[in-house]
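Below: the structure, in structure tokens.
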Amino acid sequence: AQSVTQLDSHVSVSEGTPVLLRCNYSSSYSPSLFWYVQHPNKGLQLLLKYTSAATLVKGINGFEAEFKKSETSFHLTKPSAHMSDAAEYFCVVSGPSNTGNQFYFGTGTSLTVIP
Amino acid sequence: EPEVTQTPSHQVTQMGQEVILRCVPISNHLYFYWYRQILGQKVEFLVSFYNNEISEKSEIFDDQFSVERPDGSNFTLKIRSTKLEDSAMYFCASNGQGRYEQYFGPGTRLTVT
């Protein structure tokens, strides 16, 4: 069975400081992992994905995530937070193939960026 | 850039009424999904659809729910007799052949009174 745990429901950082959003996963298969972002009143936008290629994945807007199998983690990082990064972030694990797999969402982490 | 669209953005209905939520997936995508997010809770999978049939569904997707792709562009979710607990944000998603990532629409907020 697949599941993800987002360890922090809320993270607050100052503008210009690093961002770390934590995610641990559980999967019966070699997982595909994703981070999505949801700005207020907007849909879910794909930030980045891991699909068994390079373990360090770079995404949009300066975000990156590292897949660590030994720790079953897929934490999201950004070196320097921007005000526009304030949003809800979801870690997602998918099933074993790319055909009609359901996504399993974490409970989300709300990121606040303090000016 | 192509995107998934959903209509309406907000639907208010009375308990027991039927609602149809509409989605237009990205045009060359083959796999379609519905998810819902009850306020304050996580996003939950409802159903996936491929080749004009349901490929997977969750326990939430009971007999009150149905999906349809009536033409080459629309993908609909019907709730036959809405309950108060159906109030949620409903997201449509799609992905293409050989692509793992799903592309989500902006959602329809359903309010059942």
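Note that the coordinates shown come from a computational prediction; the quantities given were computed from them, not determined experimentally. Within every chain, numbering begins at 1; the chains are lettered A, B, ... in the order of the sequence lines, protein sequences first and strands thereafter. Below, all heavy atoms of this structure are taken into account, side chains as well, without hydrogens, waters or symmetry copies.
- Under a hydrophobic clustering in which Ile, Leu, Val, Met, Phe, Trp and Tyr are joined whenever their side-chain heavy atoms come within less than 4.5 Å, directly or via other members, A:V13 and A:Y89 fall into the same cluster.
- For A:T107, the parts lying under 4.5 angstrom from a heavy atom of chain B are both the backbone and the side chain.
- Heavy-atom distances place the side chain of A:L46, and not its backbone, under 4.5 Å from chain B.
- Residue B:F45 is not grouped with residue B:F49 when hydrophobic side chains (ILVMFWY) are merged at heavy-atom distances under 4.5 angstrom, including chains of intermediate members.
- Atoms CD and NZ, on B:Q102 and A:K49 in that order, are 12.0 Å from each other to the nearest 0.5 Å.
- No more than 12 heavy atoms of other residues, nucleotides or ligands shown are found within 6.0 angstrom of NZ on A:K69.
- B:W34 is not connected to B:Y103 by any chain of hydrophobic side-chain contacts under 4.5 Å among Ile, Leu, Val, Met, Phe, Trp and Tyr, and they are in different clusters.
- Contact of B:E3 with chain A is not made at all, since no heavy-atom distance falls under 4.5 Å.
- Counting heavy-atom neighbours within 6.0 Å of B:E59 CD, excluding the residue itself, gives a total of 12 or less.
- The minimum heavy-atom distance linking A:S32 with B:Y100 is given by the pair OG-CD2, 3.3 Å.
- Annotation: side-chain hydrogen bond (donor to acceptor under 3.5 Å, both in side chains) contacts involving residues 7-27 of chain B, sequence neighbours excluded, comprise B:H10-B:T111.
- Contacts between A:Q38 and chain B at a heavy-atom distance below 4.5 Å involve the side chain alone, from C-beta outward.
- Atom CG of A:L56 sits in a crowded spot, with more than 12 heavy atoms from other residues, nucleotides or ligands closer than 6.0 Å.
- Note: B:K42 leads B:K42, B:M89, B:Q41 in heavy-atom pairs under 4.5 Å with chain A.
- A perpendicular orientation is assigned to the rings of A:Y36 and B:F104, their planes being inclined by more than 60° (bins at 30° and 60°).
- B:Y35 places a side-chain N or O within donor-acceptor distance of the main-chain N or O of A:F103, the cut-off being under 3.5 Å.
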